[in-house]
Asker: 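Here's a structure for you.
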Amino acid sequence: MDSKSSIPSLKDLSAQRIRQALLDFKYDKKPATLMPRLAKGYSDAELAAVAEYLSRN
């Protein structure tokens with residue numbers, strides 16, 4: 001992560017790690033302002049698909 005950025009890079013994260021982070025946001029296990037609201041709009045399977053896609057790019 002760039003020292004000037006507060007947004008972590010997804011570049012080297014596995015699909016599993018991204019998926020778990022998204023599920024943690026969805027089920028209020030990880031505090032944030034916007035991500036929990038966004039994650040709650042998707043099923044667990046949809047979040048897994050997003051994680052898989054993001055881990056490839």
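Numbers for residues simply follow the sequence, beginning at 1. Values below: all heavy atoms of this structure, side chains included; hydrogens, waters and symmetry mates excluded.
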Asker: In Å, rounded to the nearest 0.5 Å, how long is the span from CG of Leu47 to CG of Leu23?
Answerer: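 Here the rounded value is 6.0 Å.
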Asker: Under the side chain to side chain donor-acceptor pair (under 3.5 Å) test, which residues partner Ser43, sequence neighbours left out?
Answerer: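 For Ser43 the side chain to side chain donor-acceptor pair (under 3.5 Å) partners, ignoring immediate neighbours, are Glu46.
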Asker: What pair of heavy atoms forms the shortest contact from Ala51 to Ala15, and how long is it?
Answerer: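 So the minimum-distance heavy-atom pair works out to CB-O, 3.4 Å.
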Asker: Nearest heavy-atom pair of Lys30 and Pro36: which atoms, and what distance?
Answerer: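 So the minimum-distance heavy-atom pair works out to O-CG, 4.3 Å.
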Asker: For Tyr53, check side chain to side chain donor-acceptor pair (under 3.5 Å) against everything at least two apart and list the hits.
Answerer: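 Partners of Tyr53 by the side chain to side chain donor-acceptor pair (under 3.5 Å) criterion come out as none, since no residue qualifies.
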Asker: Where is the tightest heavy-atom contact between Leu22 and Val50, given as atom of each residue plus distance?
Answerer: CD1-CG1, 4.2 Å
Asker: Listed by chain and number, what are the salt bridge (charged side-chain N to carboxylate O under 4.0 Å, His left out) partners of Lys40, not counting sequence neighbours?
Answerer: Asp28
Asker: First locate atom CZ of Arg19, then atom CG of Leu54, and finally report the distance between them rounded to the nearest 0.5 Å.
Answerer: 14.0 Å
Asker: Rounded to the nearest 0.5 Å, what separation is found between the CZ atom of Arg56 and the CD atom of Glu52?
Answerer: 4.5 Å
Asker: In Å and rounded to the nearest 0.5 Å, what is the CZ to CG distance from Arg17 to Asp12?
Answerer: 10.0 Å
